[in-house]
Peer 1: 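Questions regarding the structure given below will be posed in turn.
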Amino acid sequence: MPLTPYSETVTRLFDAVLDERLAPAALEAVSNYVGASGAAYLLVNKLTRHVSAITSWGGFTGSQVDYLAHYSRIDPFRVIQEEAACGELARLSDRLPASVLRHDEWYNDYILKGGVCDVLGTKLHENRSHMVIVGLHRAVGDTRPIPEDAEALRMLMAPLRNAARLHVGLISVGFRSAIARGRLNHLHAGVVFTDRSGRIIETNQAGEAILRTGDGLTMRGGQICARRSFETTKLANLIANATGASEGDLSAGCMLIARDGGLPSYVVRVAPVRNRSAGYNLPAAMILVSVPGENVVCEREFAELYGLSRSEGRLAMALADGKRMIELVGEFGVQITTLRTQLSSILRKCEVGRQSDLVRLVSSIPVIHPTHSE
């Protein structure tokens, strides 16, 4: 039995929650069902107060890249929807009078130029970390109201809000993150994604905790920064190198960032993110923040990664823990010459030149703690 238009629309909504590639088709179904020329779906990161992802369907020609990079920051209608209660409908032309819109950069240079003259929007859902906003469009020259079928929209509000609730809930537990699409919340290391200006797009739970604590790394004006200005400058340069104008210019780098109270410095690594795999349509950088000595990879895993013998793995982890060779002679019950032979073999297998390089290698490996299902 074929699905009714309502059932098919609801099905498309929840299919898009589980596979974001289907989001434009879901917005098409919503627009056709309620009678709108198009629609847009915004995911807002509440930590940074910035839009981290946008999906749209319809005749609107405005660039999503331009919105994320510039217009989202000056969008007055988004602010109105964020401050409203979930499910409360707001019409752009009602909330912002023509005398205001006539001089508004976002409305004139982005909305009108993109072929839309009015928007009906609402905040569908929000939790501690994210909120979801949807907007229905009325095209320039279209005399029909939005929505054309108000009763259809009323019927669809509950499924829309439930789908949004499921979407942000899945993001919160690390399922198909809008940026990483991976289980980054299982990493002990902090992971932060930024655009080329250092504006924070997304974080995993450990990364958010690091930024909220403000111990060495923090956030100012939505951008990642360090406690000391010269460290902020160096971090900004690493991010710029990782988000170059062309893929040939991209490069990765690392640095240390000092912390308070004599705590070990953060080891910060910055790497380019390929846009297609990241699910984000701006050049982005991934920042991995770890602490030497905390959550170090276990001896068995390190030996497995680099093909070390059991005794070599034991020696490598002991050295990474700060122990000296002379101390290990008595602890392991072997000759110093044996340990030196083992160290030479370890350095060769790990493709590093010095013992200090080996220690950095051990501390650089992110640790993942699996769930029971894994």
Side-chain angles (χ1 to χ4, degrees), residues 5-58 60 64 67-68 71-72 75-92 94-96 111 116 118-138 146-173 175-179 201-202 279:
Y6 173 81
S7 299
E8 183 176 357
T9 301
V10 173
T11 299
R12 287 180 178 269
L13 282 175
F14 285 93
D15 285 346
V17 170
L18 299 177
D19 187 347
E20 60 192 23
R21 294 171 300 180
L22 302 178
L27 292 177
E28 178 183 9
V30 170
S31 299
N32 290 337
Y33 184 71
V34 305
S37 62
Y41 182 96
L42 306 183
L43 179 68
V44 181
N45 185 312
K46 290 178 68 175
L47 172 66
T48 65
R49 308 300 299 183
H50 291 306
V51 177
S52 58
I54 178 173
T55 303
S56 61
W57 176 86
F60 181 66
Q64 293 182 10
Y67 183 79
L68 290 168
Y71 291 108
S72 65
D75 178 352
F77 191 48
R78 176 169 75 88
V79 175
I80 291 173
Q81 293 169 92
E82 288 179 356
E83 295 176 349
C86 289
E88 179 183 335
L89 294 170
R91 193 179 305 275
L92 173 62
D94 292 339
R95 296 300 182 92
L96 294 171
I111 297 298
V116 168
D118 206 358
V119 181
L120 180 70
T122 184
K123 179 172 64 178
L124 293 175
H125 182 71
E126 68 175 315
N127 65 4
R128 187 178 66 87
S129 60
H130 291 84
M131 68 176 70
V132 171
I133 295 171
V134 70
L136 301 173
H137 298 163
R138 180 160 71 90
I146 49 167
E148 193 173 2
D149 189 339
E151 178 61 20
L153 177 59
R154 187 192 66 78
M155 291 177 58
L156 206 57
M157 281 300 295
L160 278 167
R161 295 187 62 187
N162 287 335
R165 181 182 296 108
L166 178 59
H167 183 197
V168 297
L170 291 175
I171 290 174
S172 296
V173 299
F175 178 78
R176 295 189 68 82
S177 164
I179 302 301
I201 302 167
E202 287 286 353

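Heavy atoms only: backbone and side chains are in, while hydrogens, waters and symmetry mates are out.
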Peer 1: Mind checking the CG-CG spacing from D118 to L136? Nearest 0.5 Å is all I need.
Peer 2: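 Between atom CG of D118 and atom CG of L136 there are 10.5 Å.
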Peer 1: How long is the gap from NE2 on H137 to CG on L92, to the nearest 0.5 Å?
Peer 2: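 Here the rounded value is 10.0 Å.
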Peer 1: To the nearest 0.5 Å, tell me how far L89 CG sits from D94 CG.
Peer 2: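 CG of D94 is found 11.0 Å from CG of L89.
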Peer 1: Does R49 form a salt bridge (charged side-chain N to carboxylate O under 4.0 Å, His left out) with E82? I'd like the steps, not just the answer.
Peer 2: CA-CA 10 Å; R49 308 300 299 183; E82 288 179 356; 3.3 Å; yes
Peer 1: Report yes if some heavy atom in the side chain of D75 is under 4.5 Å from a heavy atom in the side chain of Y67; otherwise report no.
Peer 2: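 Yes, at least one pair of side-chain atoms sits under 4.5 Å.
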Peer 1: Flag the pair R91 / L120 as yes when at least one side-chain heavy-atom distance between them is below 4.5 Å, and no otherwise.
Peer 2: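 In contact.
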Peer 1: Quick one: are V44 and K123 in side-chain contact, heavy atoms under 4.5 Å?
Peer 2: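 Not touching, per the 4.5 Å side-chain cut-off.
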Peer 1: Please examine the side chains of I201 and T48, heavy atoms only from C-beta on, and report whether any two atoms are closer than 4.5 Å.
Peer 2: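 Contact flag for T48/I201 side chains = no.
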Peer 1: For residues V132 and E126, determine if any side-chain heavy atom of one lies less than 4.5 Å from a side-chain heavy atom of the other.
Peer 2: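 Sidechains of E126 and V132: no contact.
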Peer 1: Answer whether the closest heavy-atom distance between the side chains of W57 and V30 falls below 4.5 Å.
Peer 2: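 Side chain of W57 against side chain of V30, heavy atoms only: no contact under 4.5 Å found.
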Peer 1: Say you draw a straight line from NE2 of H130 to NE2 of H125; how long is it, rounded to the nearest 0.5 Å?
Peer 2: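 The NE2 atom of H130 sits 11.5 Å away from the NE2 atom of H125.
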Peer 1: Hey, mind stepping through T122 and L160 against side chain to side chain contact (heavy atoms under 4.5 Å, CB included) and telling me if it holds?
Peer 2: CA-CA 10 Å; T122 184; L160 278 167; over 6 Å; no
Peer 1: Considering all heavy atoms of both residues, which atom of P147 and which atom of V34 are nearest to each other, and what is their separation?
Peer 2: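 P147 and V34 have their closest heavy atoms at CB-O, 3.4 Å.
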Peer 1: Can you measure from NE2 (H50) to CG (L42) and round to the nearest 0.5 angstrom?
Peer 2: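 Rounded to the nearest 0.5 Å, the NE2-CG separation comes to 14.0 Å.
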Peer 1: Salt-bridge test for R95 and E83: reply yes if a basic N is under 4.0 Å from a carboxylate O, no otherwise.
Peer 2: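 No salt bridge links R95 with E83.
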Peer 1: Looking at every non-hydrogen atom in both residues, tell me the closest pair between A16 and A26 and how far apart they are.
Peer 2: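 Shortest heavy-atom contact: CB-CB, 3.8 Å.
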Peer 1: So which atom in S72 and which in R78 form the shortest heavy-atom distance, rounded to 0.1 Å?
Peer 2: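 Nearest pair, atom of S72 first, then R78: O-NH2, 3.0 Å.
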Peer 1: Quick check for you: to the nearest 0.5 Å, what is the distance between N162 atom CG and L13 atom CG?
Peer 2: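 Answer for the CG-CG pair, N162 versus L13, is 10.0 Å.
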Peer 1: If I compare all heavy atoms of L68 with all of S52, which pair ends up nearest, and what's the gap?
Peer 2: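 That would be CD2-C, 4.4 Å.
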Peer 1: So do M131 and V168 actually touch side chain to side chain, heavy atoms under 4.5 Å?
Peer 2: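 No, their side chains stay 4.5 Å or more apart.
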Peer 1: Minimum heavy-atom separation for R12 and A29, please, with both atom names.
Peer 2: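 Looking at all heavy atoms of both residues, the shortest contact is CD-CB, 3.4 Å.
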Peer 1: Is there a side-chain contact between Y41 and H167, using heavy atoms and a 4.5 Å cut-off?
Peer 2: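 Yes, at least one pair of side-chain atoms sits under 4.5 Å.
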Peer 1: Step by step, would you call M155 with Y33 a side chain to side chain contact (heavy atoms under 4.5 Å, CB included)?
Peer 2: CA-CA 10 Å; M155 291 177 58; Y33 184 71; 3.9 Å; yes
Peer 1: Stepwise, does the side chain to side chain contact (heavy atoms under 4.5 Å, CB included) test hold for L22 with V17?
Peer 2: CA-CA 8 Å; L22 302 178; V17 170; over 6 Å; no
Peer 1: Locate the shortest heavy-atom distance separating L27 from A39; write the atom from each residue and the value.
Peer 2: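 In terms of heavy atoms, the two residues are closest at CD1-O, 3.9 Å.
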